[in-house]
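Counting starts at 1 for both ligands and their atoms, following the listed order.
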Amino acid sequence: MHSTNAADLLAQIRVHGAVPRHVAIIMDGNGRWARERRMPRPFGHRSGMRSVREVVEGAVEAGVEFLSLFAFSQENWQRPPTEITALMSLLEEYVAREADELHERGVRVRALGALERLTPDASAAVDRVVRQTAGNDRLTLNLFISYSARAELVRAARLLAVEAAAGRIDPATIDEAEFSARLYTADCPDPDLLIRTSGEQRLSNFLLWQLAYAELYLSPVLWPDFTRTELFGAIRDFQLRERRFGRVPA
Ligand code: FPP
């Protein structure tokens, strides 16, 4: 039976022992959450920041090693300018407000994506927290910002092509490991568990290569209502599944 209590779920997670090393999350539903309250969309994103805090704390408590959050996609640049401005300033605010605590909790923050498109202020804030927390090793928090999986794959192909053209790599030796090594996630294991909130059932151009064998957990909960209890529920669900990686049961 599933408990609905965070402490019970955490105890069950610990008894089982096999915690997903890497959890990836598509944080969806901020806009609908705001609309339900007749509030503007940025209000939903602001409320979504609380859930970011919840899942970071929950991931540390459960012993997850890598947490990847899809904070802003390259496609999101097509949203109305007011919403983009709001998201950029929320990112700055999140970093400014949480940096010291993230550091104290042993979280290493990294930003992955086409970061050159960020506003100078957002970019400086992100750089600061990345540098401040670079030596931590309890949890790696990957913030995917201005990210598109297809663009990441094209970038990896281009990097390999440049190296091949310069004679630094033999095309015949290019294998999955060489390709993975040119992705933003070069030094991360692939996600074991992908969570998407708000009832949508899409990958939306997130980590297309890395999610090849991830278990999917689709939650109907809108992102601002996603708490550590929801995260622990997803991890418990993961623990009860059998992963086969294309093989037959043992
Ligand atoms: C999707 O909801 C969410 C986003 C596009 C942004 C996610 C950002 C945050 C949770 C806040 C800041 C994050 C960090 C890491 C500081 P949506 O707007 O697509 O919702 P809808 O589908 O209901 O419209």
Requested in this report: Any atoms of ligand 1 less than 4.0 Å from a non-hydrogen atom of Tyr94? List them with their elements.
Outcome: 16 (C)
Query - Arg38 atom CZ, neighbour heavy-atom count above 12 within 6.0 Å - result: no
Query raised in the report: Between Leu69 and ligand 1, which residue portion shows a heavy-atom distance shorter than 4.0 Å: side chain, backbone, both, or neither?
Result: neither
Query raised in the report: Can a salt bridge be assigned to the pair Glu36 and Arg32 using a cut-off of 4.0 Å between side-chain N and carboxylate O?
Result: no
Requested in this report: Answer side chain, backbone, both or neither: which part of Glu98 comes under 4.0 Å from ligand 1, heavy atoms only.
Outcome: neither
Query raised in the report: Between Phe72 and Trp77, what is the ring plane arrangement, given parallel below 30°, perpendicular above 60°, and tilted in between?
Result: perpendicular
Report summary line: To atom 8 (C) of ligand 1, the nearest of Ser47, Ala111, Ala71, Gly31 on a heavy-atom basis is Ala71
Report task. Using a strict cut-off of 4.0 Å, indicate which atoms of ligand 1 neighbour a heavy atom of Asn76. Result -> 5 (C)
Query raised in the report: What is the closest protein heavy atom to atom 1 (C) of ligand 1, and at what distance does it sit?
Result: Met27 O, 3.1 Å
**Report entry** Within-shell test, Ser198 vs ligand 1, heavy atom, strictly < 4.0 Å
**Finding:** no
Query raised in the report: Should the pair Phe206 and Phe70 be assigned to parallel (<30°), tilted (30 to 60°) or perpendicular (>60°) ring geometry?
Result: parallel
Query raised in the report: Which residue and non-hydrogen atom of the protein lie closest to atom 15 (C) of ligand 1, and at what distance in Å?
Result: Leu143 CD2, 3.8 Å
Query raised in the report: N/O of Arg79 under 3.5 Å from N/O of ligand 1, yes or no?
Result: yes
Query raised in the report: How long is the span from the CG atom in Asp225 to the CD atom in Glu54, to the nearest 0.5 Å?
Result: 11.0 Å
Report summary line: Of Leu10, Asp237, Asp8, Asn5, the one forming a side-chain contact (heavy atoms from CB on, under 4.5 Å) with Phe232 is Leu10
Query raised in the report: For atom 18 (O) of ligand 1, what is the nearest protein heavy atom, given as residue, atom name and distance?
Result: Arg41 NH2, 2.7 Å
Query raised in the report: If you measure from the Lys or Arg side-chain nitrogens to the Asp or Glu carboxylate oxygens, is any gap between Arg53 and Glu101 under 4.0 Å?
Result: yes
Query raised in the report: Hey, are Glu200 and Arg196 close enough for a salt bridge, meaning a charged N less than 4.0 Å from a carboxylate O?
Result: no
Query raised in the report: What is the closest protein heavy atom to atom 12 (C) of ligand 1, and at what distance does it sit?
Result: Met49 CG, 4.0 Å
Query raised in the report: Would you call Arg108 and Asp137 a salt bridge, using N to O less than 4.0 angstrom?
Result: no
Query raised in the report: How close does the nearest protein non-hydrogen atom get to atom 11 (C) of ligand 1, and which residue and atom is it?
Result: His45 O, 3.6 Å
Query raised in the report: ligand 1 versus Arg35, non-hydrogen atoms closer than 4.0 Å: side chain, backbone, both, neither?
Result: neither
Query raised in the report: Taking heavy atoms and a distance under 4.0 Å, where does Trp33 meet ligand 1: side chain, backbone, both or neither?
Result: neither
Report task. Distance to 0.1 Å, residue and atom name: give those for the protein heavy atom nearest to atom 14 (C) of ligand 1. Result -> Val52 CG2, 4.2 Å
**Report entry** Those atoms of ligand 1 less than 4.0 Å from some heavy atom in Trp223
**Finding:** 10 (C)
Requested in this report: Would you please classify the geometry between the Phe226 ring and the Trp223 ring as parallel, tilted or perpendicular, with 30° and 60° separating the classes?
Outcome: parallel
Query raised in the report: Is the shortest N/O to N/O distance between Asn30 and ligand 1 below 3.5 Å?
Result: yes
Query raised in the report: Within the distance-only criterion (no hydrogens, no angle test), does the side chain of Glu152 pair as donor or acceptor with the backbone N or O of Gly113 below 3.5 angstrom?
Result: no
Requested in this report: Give yes if a backbone or side-chain nitrogen or oxygen of Arg32 is under 3.5 Å from a nitrogen or oxygen of ligand 1, and no if not.
Outcome: yes
